[in-house]
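Let me begin by presenting the structure, written as structure tokens, before commenting on it.
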There are 2 protein chains.
Amino acid sequence: MENLSDEYTLDWETNTFLQAEELQRYLDEAIPTHNDSSSQDGTQSSLMANKSIASERNRRKKLNERLYALRSVVPNITKMHKESIVKDAIDYIQKLHEEERKIQAEISDLESAGSSSKSTISSPPPKRSSPIEVLELRVSSMGEKTVVVSLTCSKRSNTMVKLCEMFESLNLEIISENITAFSDRVLKTVFVQADEKEKDLLKIKIETAIAALNAA
Amino acid sequence: MENLSDEYTLDWETNTFLQAEELQRYLDEAIPTHNDSSSQDGTQSSLMANKSIASERNRRKKLNERLYALRSVVPNITKMHKESIVKDAIDYIQKLHEEERKIQAEISDLESAGSSSKSTISSPPPKRSSPIEVLELRVSSMGEKTVVVSLTCSKRSNTMVKLCEMFESLNLEIISENITAFSDRVLKTVFVQADEKEKDLLKIKIETAIAALNAA
DNA sequence: CGCAACACGTGAAAC
DNA sequence: TGTTTCACGTGTTGC
């Protein structure tokens, strides 16, 4: 039977080629397996066979290297089988496609910047958008000394960061705040310690801050 | 020449699966290859073997379908061999990466346009950094394809912003995320689309990102 | 004739 | 335990 006791498998799970040296040695050395000069009627059987076998090995090796490289350019993932590597690559490409589409729209909207400091709410479809697209802004009072701000935006690349910065710049006395991102929406809720009469003023402040941030 | 009588090979060159019917017939029919009733000692040899062989067939078929799908999402080229499909996909992803990088730079340049004259609202350069103090970091899996990150920090001046930026920089596939600040704590919860096996790796990534951010 | 690309069945190894 | 993934050598087909 075949001896081949040694282990040469390259390892997709542990990320790197395991024992590359050994694999290489195996590959280089093992090609002329049959150097038994049986010299039978065989014309060049072993010679031809060895070439074919080497070609096939090389082909497989190449393809595997390519798959390995493919995985390395796809972020997020670090393991998995051949099939999943390709699958994840597909998903990733599609994700990039969509992202590019969004960014493209965002940029074209940015260039045709119209400062919309007037509208209180209202921004209906995903058509009209600026860096921060406010879908809804509600400022209400909860008791005498607490004001609740509820803000809904469409989710863009840096929306959460900007929202945080924006509220931070207002220097409010924040009791508690919360941001949730899901689907294509970002929802921010802030509990502010302030007199209920400041409610409307606070709303204007927020609108102004957003407008300023978008016009920057 | 173009006789192609019993052709079953699926054709990567001409783009579509050639003679899919015939291939299918071949696949379906040929499984119980050995129904030679030699009635040899065979206990379950053929039975077990046929399972293995069918599994292998299915695995290969799956992988080929995936490769085919991969090629379909990569624009530009259409045809070529397996290896080139993967290679083109890699090139394309890298091209998209670079494009994204450019766009990102362009956008940040656009955003940091004006300013400098007389900013009433926006804080000038509040570049003071207060490190992120991690109180608890829990990364767990929820099902096979979802990983939940739960991170608790102490609340400092820019903690929320930094947390958002940090997660954004990781380029994860985020299903939904949430930040809540209350009292002197900030709690961030993120649902990430990732294999459960990536759990530990993801935790390390987050820890590293936070450490790097604090060292700035 | 060879060369390149492929599908196939098989045994080994990992989970 | 068995299921799944893999590399391998081989036969076949089109250039």
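Numbers restart at 1 for each chain; the letters A, B, ... are given by sequence-line order, proteins then strands.
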Could you list all N or O pairs between the protein and nucleotides 2-5 of chain D that sit under 3.5 Å apart?
unit_1 : atom_1 : unit_2  : atom_2 : d
D/dT5  : OP1    : A/His81 : ND1    : 3.3

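When rounded to the nearest whole Å, the span between OH of A/Tyr68 and P of D/dC6 equals 15 Å. Computed from coordinates, the A/Arg60 CZ to C/dA7 P distance equals 13 Å when rounded to whole Å. As a whole-Å value, the separation of A/Ile53 CD1 from C/dA5 C1' is 17 Å. Rounded to an integer number of Å, the gap from NZ of B/Lys62 to P of D/dC6 is 14 Å. Between the NZ atom of B/Lys87 and the P atom of C/dA5 there is a distance of 13 Å, rounded to whole Å. Going from atom CD1 of A/Ile85 over to atom C1' of D/dC6 covers 12 Å, rounded to whole Å. Note: CG (A/Asn58) to P (D/dG9) measures 13 Å, nearest angstrom.
Here the closest heavy-atom approach between residue B/Lys155 and residue B/Arg185 is recorded as CB-N, 3.9 Å. Nearest heavy atoms, B/Val147 versus B/Ala194: CG2-O, 3.7 Å. Taking every heavy atom of both residues into account, B/Leu67 and B/Ile85 meet most closely at O-CG2, 3.7 Å.
Salt bridge annotation for B/Glu99-B/Lys102: absent, with no cationic side-chain nitrogen under 4.0 angstrom from a carboxylate oxygen. Of the charged side-chain nitrogens involved, none lies within less than 4.0 Å of a carboxylate oxygen, so that B/Lys205 and B/Glu207 do not count as a salt-bridged pair. A salt bridge between A/Glu56 and A/Arg60 is present, with a side-chain N of the basic residue lying under 4.0 Å from a carboxylate O of the acidic one.
Using a 4.5 Å cut-off on side-chain heavy atoms (C-beta onward), A/Leu151 and A/Val186 make no contact.
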Intra- and inter-strand pairing of DNA chain D, written as dot-bracket with Watson-Crick and G-U pairs under 3.5 Å and | for the latter, reads .||||||||||||||

Kindly determine whether A/His97 and B/Tyr92 satisfy ring-ring contact (aromatic ring centres under 6.0 Å, His included), including the steps that lead there. CA-CA 11 Å; A/His97 276 168; B/Tyr92 182 60; 5.6 Å; yes

Could you pull out all donor-acceptor pairs under 3.5 Å where a side-chain atom in residues 171-181 of chain A meets a protein atom, sequence neighbours excluded?
unit_1   : atom_1 : unit_2   : atom_2 : d
A/Glu177 : OE1    : A/Lys188 : NZ     : 3.0
A/Asn178 : OD1    : A/Thr180 : OG1    : 3.1
A/Asn178 : OD1    : B/Asn178 : ND2    : 3.4
A/Asn178 : ND2    : B/Asn178 : OD1    : 3.4
A/Asn178 : ND2    : B/Thr180 : OG1    : 2.4
A/Thr180 : OG1    : B/Asn178 : ND2    : 2.4

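Regarding contacts with the backbone of D/dC8, every side-chain N or O of A/Arg57 stays at 4.0 angstrom or more from both OP1 and OP2.
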